[in-house]
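Here is the structure we will look at, set down as structure tokens.
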Amino acid sequence: MLFMVIERFADPRPVYARARASGRLLPDGLRYVDSWVEAGLGRCFQLMECDDLSLLSTWIASWSDLVDFEVVPVLTSAQASSVVP
């Protein structure tokens, strides 16, 4: 399953400091696909992939002291096209 994870930062500095020091802190089985950061550095949009939602929850717990999360299950355009009659 694919998930668009929208992260909101009050202050991006501690987020980037932790990422530099510890990496993404991804549990095995959770795959980072790509990310985009809003020009003002207040939000990050990450595409993640996993089959076990508990992995996504574990990862979010590692960052929830610094980041507010919104998680949106998404389909690729090709997947959406195949399910629309």
Side-chain angles (χ1 to χ4, degrees):
M1 295 178 67
L2 289 172
F3 299 91
M4 179 59 67
V5 179
I6 303 165
E7 303 175 340
R8 289 176 176 81
F9 313 132
D11 181 353
R13 290 173 290 194
V15 176
Y16 281 92
R18 181 179 296 169
R20 283 186 201 104
S22 303
R24 293 188 186 277
L25 302 173
L26 297 173
D28 288 339
L30 178 59
R31 187 170 81 88
Y32 163 83
V33 178
D34 206 348
S35 62
W36 304 263
V37 179
E38 183 179 48
L41 304 177
R43 292 186 299 177
C44 178
F45 304 88
Q46 292 198 59
L47 188 61
M48 307 295 276
E49 184 175 29
C50 68
D51 293 322
D52 180 354
L53 289 177
S54 69
L55 299 174
L56 195 58
S57 296
T58 298
W59 173 70
I60 286 171
S62 299
W63 293 95
S64 62
D65 60 321
L66 299 175
V67 178
D68 290 323
F69 290 89
E70 178 182 352
V71 178
V72 180
V74 296
L75 302 172
T76 65
S77 295
Q79 291 169 326
S81 178
S82 72
V83 298
V84 174

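Atoms considered below: every heavy atom in the structure, side chains included; atoms not considered: hydrogens, waters and symmetry mates.
Contact detail for L56 and C50: the closest heavy-atom pair is CB-SG, 4.3 Å. Looking at every heavy atom in both residues, L55 comes nearest to P27 through O-CG, 3.4 Å.
W63 places no side-chain N or O within 3.5 Å of a backbone atom of L25 that could act as its donor or acceptor partner. Between the side chain of T58 and the backbone N or O of S54, at least one donor-acceptor pair lies under 3.5 Å. The backbone N or O of Q79 sits less than 3.5 Å from a side-chain atom of S82, completing a donor-acceptor pair.
Annotation: the span from L66 atom CG to R8 atom CZ amounts to 16.0 Å, rounded to 0.5 Å. Note that CG of L47 is 8.0 Å distant from CZ of R31, once rounded to the nearest 0.5 Å. Separating the SG atom in C44 from the CZ atom in F9 is a distance of 5.0 Å, to the nearest 0.5 Å. Remark: F45 CZ to S35 OG distance equals 11.0 Å, nearest 0.5 Å.
Two rings, from Y32 and W59, have their centers 6.0 Å or more apart.
Proximity of D11 to P14: side-chain heavy atoms (C-beta onward) are separated by under 4.5 Å at one or more points. Using a 4.5 Å heavy-atom threshold, the side chains of I6 and V71 count as separate. When side chains are defined from C-beta on, V37 counts as touching Y16, because their heavy atoms get closer than 4.5 Å.
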Check your understanding: What do the steps show when you test L75 against L2 for side-chain contact (heavy atoms from CB on, under 4.5 Å), and what is the final call?
Key -> CA-CA 7 Å; L75 302 172; L2 289 172; over 6 Å; no
**Study point:** L26 and M48: CA distance, side-chain angles, deciding distance, side-chain contact (heavy atoms from CB on, under 4.5 Å) verdict
**Key:** CA-CA 10 Å; L26 297 173; M48 307 295 276; 3.4 Å; yes
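Of the candidates E70, E7, E38, E38 is the only one forming a side chain to side chain contact (heavy atoms under 4.5 Å, CB included) with R43. Checked against F3 for a side chain to side chain contact (heavy atoms under 4.5 Å, CB included), the options L53, V72, L30, V33 give a single hit: L53.
For the pair R18 and D65, the salt-bridge criterion is met [side-chain N within less than 4.0 Å of a carboxylate O].
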